[in-house]
Number of protein chains: 2
Amino acid sequence: MTGLRERKKVRTRRALIEAALRLFTEKGYEETTLAEIAAAADVSTRTFFSYFGSKEDVIFHDGGIRLEAILGMVGRRRPGESIGDLLLRVSEASLNWTTEEDLALDLSLERVDLIMSVPALQAKALHLLFDSQLRLAKALHEAYQDEIDLLEAATIVGSLVGAAKLTVMAAMDRGDSLEEVWKAARTAATSTISRLT
Amino acid sequence: MTGLRERKKVRTRRALIEAALRLFTEKGYEETTLAEIAAAADVSTRTFFSYFGSKEDVIFHDGGIRLEAILGMVGRRRPGESIGDLLLRVSEASLNWTTEEDLALDLSLERVDLIMSVPALQAKALHLLFDSQLRLAKALHEAYQDEIDLLEAATIVGSLVGAAKLTVMAAMDRGDSLEEVWKAARTAATSTISRLT
DNA sequence: TTATGATTTGCATCCGTTGCAAAATTGCAT
DNA sequence: ATGCAATTTTGCAACGGATGCAAATCATAA
């Protein structure tokens with residue numbers, strides 16, 4: 001099951017993530033070169049690209065997993081549960097999310113800071129989030145086929161995610177602490193959901 | 001006032017925009033090289049960068065103007081006008097927007113298609129829109145200082161813009177015609193606003 | 001140990017982007 | 001018109017991210 005090959009791959013992957021994050025926070029994102037990251041992880045520059053598709057991707061290595069989990073929650077909604085309640089549960093889960101890998105590497109904080117402060121990463125994050133929303137809207141529509149059409153689902157999801165996202169950004173922009181930021185996000189999500197139902 | 005220098009600049013700028021858009025639609029965005037655009041506009045590659053900051057920017061040449069106009073509407077809100085009414089007016093204006101330059105060059109349709117279909121442009125658009133939202137939230141907060149705080153303003157703006165944006169995207173994704181798309185956006189905006197107030 | 005398949009590596013290359021200094025162009029005063 | 005100053009354009013070199021490809025290396029199972 002877990003041969004040398006696979007263990008090595010996991011190790012290299014982690015080494016790349018750690019090296020990248022360390023270098024990014026130490027000397028800045030733009031200032032860090034892929035060659036440096038690869039060197040720090042002890043692989044060739046070329047090899048970086050067989051682990052990640054781009055320089056940004058090394059920061060968003062877990063995006064897919066989170067989305068799948070959320071879509072799963074929607075797909076397996078509790079029978080009889082209202083849209084609002086489901087969205088509440090989904091919001092809560094999303095806001096609490098931290099990856100295993102993150103915990104193991106203790107990286108979540110630096111990641112948030114980085115993403116917020118580096119334009120290229122911000123852009124990537126927004127784009128990923130956007131794609132996720134579209135899929136979430138579709139999932140919501142399918143889960144409540146008889147209650148809302150696709151466009152209504154899109155309006156709801158867009159409204160909810162948009163509210164949370166911009167509230168987070170405004171709070172960070174204002175210099176709030178991370179706890180305050182998450183609290184604001186929660187408030188925004190719950191108040192938006194209550195208005196949507 | 002309008003010397004040769006300035007007229008030439010305007011002409012070059014237009015030539016670049018037109019050339020870029022034509023080439024992008026003809027042979028695709030990634031497949032079109034900056035050198036080709038510059039050649040088609042009869043300037044050197046280097047000169048492209050004294051008109052636009054990046055390859056994407058040539059598509060978003062008018063972003064700033066639109067935002068300023070909207071912020072102006074908010075700043076000069078009609079005395080006594082409710083937040084909802086103001087937002088309604090702003091939404092209407094935003095959805096109807098077409099630039100002079102666009103009309104002159106007849107480009108608005110191709111631009112929408114391009115932006116929707118090219119990932120890099122999508123990402124840029126989202127990022128621009130995001131920045132705009134933050135500024136709009138601040139403007140809204142300032143215009144209604146005694147009624148809503150910054151975070152509430154952010155929640156409202158995020159919710160409204162998010163709803164409109166995702167609804168547009170879902171409609172396009174579904175293959176709706178452009179008229180249907182705008183109609184869906186209008187519906188999403190009005191229904192979201194009515195729930196927010 | 002060797003055959004096999006997967007992974008890594010080192011090129012070579014393309015493209016977007018930037019800095020810089022030389023050259024060309026425009027505006028202006030005389 | 002002529003010469004000077006300011007502005008723009010241009011060519012050139014360089015950097016970094018990204019990709020294709022073939023050679024080299026490595027893990028695994030027989």
Side-chain angles (χ1 to χ4, degrees), chain A residues 1-17 19-21 23-24 26-61 114-115 118-125 127-128, chain B residues 1-17 19-21 23-24 26-61 114-115 118-125 127-128:
Chain A
M1 244 332 179
T2 83
L4 212 196
R5 207 158 238 164
E6 337 210 358
R7 266 177 288 136
K8 211 171 188 177
K9 266 184 122 168
V10 173
R11 222 184 320 133
T12 304
R13 186 187 158 80
R14 287 216 173 176
L16 282 170
I17 294 175
L21 223 115
L23 290 171
F24 289 167
E26 269 177 26
K27 36 178 300 195
Y29 179 81
E30 277 91 4
E31 290 70 27
T32 303
T33 200
L34 283 184
E36 295 172 317
I37 298 174
D42 216 49
V43 290
S44 76
T45 304
R46 191 63 185 76
T47 294
F48 177 92
F49 287 101
S50 56
Y51 283 88
F52 304 99
S54 70
K55 191 179 178 185
E56 294 120 41
D57 279 5
V58 75
I59 293 294
F60 297 102
H61 50 87
L114 258 180
I115 294 171
V118 176
L121 295 179
Q122 244 187 67
K124 181 82 179 188
H127 199 238
L128 287 174
Chain B
M1 243 336 180
T2 84
L4 212 200
R5 206 156 239 164
E6 338 210 359
R7 265 178 289 135
K8 211 171 188 178
K9 266 185 122 166
V10 172
R11 222 186 318 135
T12 303
R13 186 188 158 80
R14 288 216 171 175
L16 283 170
I17 294 175
L21 223 113
L23 291 171
F24 288 166
E26 267 177 26
K27 38 179 296 193
Y29 179 80
E30 276 91 3
E31 290 69 27
T32 302
T33 199
L34 283 185
E36 296 172 317
I37 298 174
D42 216 51
V43 291
S44 76
T45 305
R46 191 65 186 76
T47 295
F48 176 93
F49 287 101
S50 56
Y51 284 86
F52 303 98
S54 70
K55 190 179 178 185
E56 293 119 42
D57 279 6
V58 76
I59 294 294
F60 297 102
H61 49 87
L114 258 181
I115 294 171
V118 177
L121 295 177
Q122 244 188 67
K124 182 80 179 190
H127 199 239
L128 287 173

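Just so you know, these numbers come straight off a predicted model, no measurement behind them. Lettering follows sequence order; numbering is per chain, from 1.
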For the pair made of [atom1] in [X] and [atom2] in [N], what is the distance, rounded to whole Å?
{"X": "B/E30", "N": "C/dG16", "atom1": "CD", "atom2": "C1'", "answer": "13 Å"}
{"X": "A/E6", "N": "D/dA27", "atom1": "CD", "atom2": "P", "answer": "13 Å"}
{"X": "B/F52", "N": "D/dT9", "atom1": "CZ", "atom2": "P", "answer": "12 Å"}
{"X": "A/F48", "N": "D/dT19", "atom1": "CZ", "atom2": "C1'", "answer": "14 Å"}
{"X": "A/K124", "N": "D/dG17", "atom1": "NZ", "atom2": "P", "answer": "15 Å"}
{"X": "B/E31", "N": "C/dC15", "atom1": "CD", "atom2": "C1'", "answer": "13 Å"}
{"X": "A/R7", "N": "D/dA27", "atom1": "CZ", "atom2": "P", "answer": "10 Å"}
{"X": "A/L23", "N": "D/dG16", "atom1": "CG", "atom2": "P", "answer": "14 Å"}

**Message:** Contact between A/L121 and A/F60 at the side-chain level, heavy atoms closer than 4.5 Å - yes or no?
**Reply:**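 A/L121 reaches A/F60 side chain to side chain.
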**Item:** Heavy-atom side-chain proximity of A/F49 to A/L34 below 4.5 angstrom
**Value:**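 Of all side-chain heavy-atom pairs linking A/L34 with A/F49, at least one is under 4.5 Å.
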Counting the atoms with a prime plus P, OP1 and OP2 as sugar-phosphate, which does [X] contact under 4.0 Å by heavy atoms, base, sugar-phosphate, or nothing?
{"X": "A/T32", "result": "sugar-phosphate"}
{"X": "A/Y51", "result": "sugar-phosphate"}
{"X": "B/S54", "result": "sugar-phosphate"}

**Prompt:** Does any N or O in the side chain of B/T33 come within less than 3.5 Å of the main-chain N or O of B/E36, such that one atom is a donor and the other an acceptor?
**Reply:**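 Not a single qualifying donor-acceptor pair exists.
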**Prompt:** So B/I115 and B/K124, side chain to side chain contact (heavy atoms under 4.5 Å, CB included) or not? Walk me through it.
**Reply:** CA-CA 9 Å; B/I115 294 171; B/K124 182 80 179 190; over 6 Å; no
By nearest atom, which of the nucleotides [options] is closest to the [X] side chain?
{"X": "B/F49", "options": "D/dC26, C/dT17, C/dT25", "result": "C/dT17"}
{"X": "A/T47", "options": "C/dT17, C/dT8, D/dT9", "result": "C/dT8"}
{"X": "A/R5", "options": "D/dA6, D/dA27, D/dG11", "result": "D/dA27"}
{"X": "B/R46", "options": "C/dT9, C/dT26, D/dT10", "result": "D/dT10"}

Counting only side-chain N and O atoms of [X], is one of them less than 4.0 Å from OP1 or OP2 of [N]?
{"X": "A/T33", "N": "D/dG17", "answer": "yes"}
{"X": "B/K55", "N": "C/dC15", "answer": "no"}
{"X": "A/K8", "N": "D/dA27", "answer": "yes"}
{"X": "B/S50", "N": "D/dT9", "answer": "yes"}

**Request:** Would you give the length of the straight line joining atom CD of B/E56 to atom NE2 of B/H127, rounded to the nearest 0.5 angstrom?
**Result:**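 These two atoms lie 11.0 Å from each other.
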